[in-house]
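The structure under discussion appears below in the form of structure tokens.
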Amino acid sequence: INIKTFNYRVYVDTSCANESEFRLIAESYIIKPWSDGGNKSDMEHAEFEVSENSVTRAREWLSQTATKYGF
């Protein structure tokens, strides 16, 4: 299929021992139609403090990133 795709993942980084230091990580990337083996390009990521607003802020960031790449 000859189209590029916008991809993302969102997860909580739990590598810190202290729960108050958890971070919500949002990543986005483009996979071009000719990439061999699904190579990612234009990778971006943002970190958010885990709070009531973090999911909303991550969703807004992903939406802005998708718009920037024409999705």
Side-chain angles (χ1 to χ4, degrees):
I1 302 175
N2 195 22
I3 59 171
K4 67 180 181 177
T5 58
F6 177 80
N7 301 268
Y8 68 92
R9 77 177 185 148
V10 178
Y11 62 94
V12 175
D13 179 4
T14 59
S15 61
C16 298
N18 184 353
E19 184 175 313
S20 66
E21 296 179 20
F22 288 168
R23 294 270 190 223
L24 180 68
I25 310 295
E27 298 177 338
S28 69
Y29 53 93
I30 305 299
I31 297 180
K32 296 179 179 172
W34 58 87
S35 64
D36 188 22
N39 290 332
K40 301 171 185 175
S41 66
D42 302 319
M43 171 75 86
E44 296 187 37
H45 92 275
E47 297 183 17
F48 306 93
E49 291 182 9
V50 176
S51 69
E52 290 181 30
N53 297 324
S54 60
V55 172
T56 300
R57 290 177 47 224
R59 181 176 44 224
E60 290 169 353
W61 180 83
L62 285 168
S63 178
Q64 291 172 354
T65 304
T67 300
K68 179 171 73 174
Y69 288 107
F71 291 93

### E27 side chain reached by Y11 side chain, heavy atoms, under 4.5 Å
yes

### Any donor-acceptor pair under 3.5 Å from T65 side chain to W61 backbone
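Indeed, once roles are kept as given, a pair shorter than 3.5 Å links the two residues.
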
### Minimal non-hydrogen separation, L62 against F6, with atom names
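Smallest interatomic distance, heavy atoms only, reads O-CZ, 3.9 Å.
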
Inter-residue atom distance [X].[atom1] - [Y].[atom2], 0.5 Å rounding:
X   : Y   : atom1 : atom2 : answer
S54 : R59 : OG    : CZ    : 10.5 Å
H45 : S28 : NE2   : OG    : 10.5 Å
E49 : L24 : CD    : CG    : 11.0 Å

### Query
Does I25 belong to the same Ile/Leu/Val/Met/Phe/Trp/Tyr cluster as V55, with side-chain heavy atoms less than 4.5 Å apart forming each link?
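No, I25 does not connect to V55 through the hydrophobic network.
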
### Query
Hey, are S51 and N53 close enough side-chain-wise for a donor-acceptor pair under 3.5 Å?
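No.
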
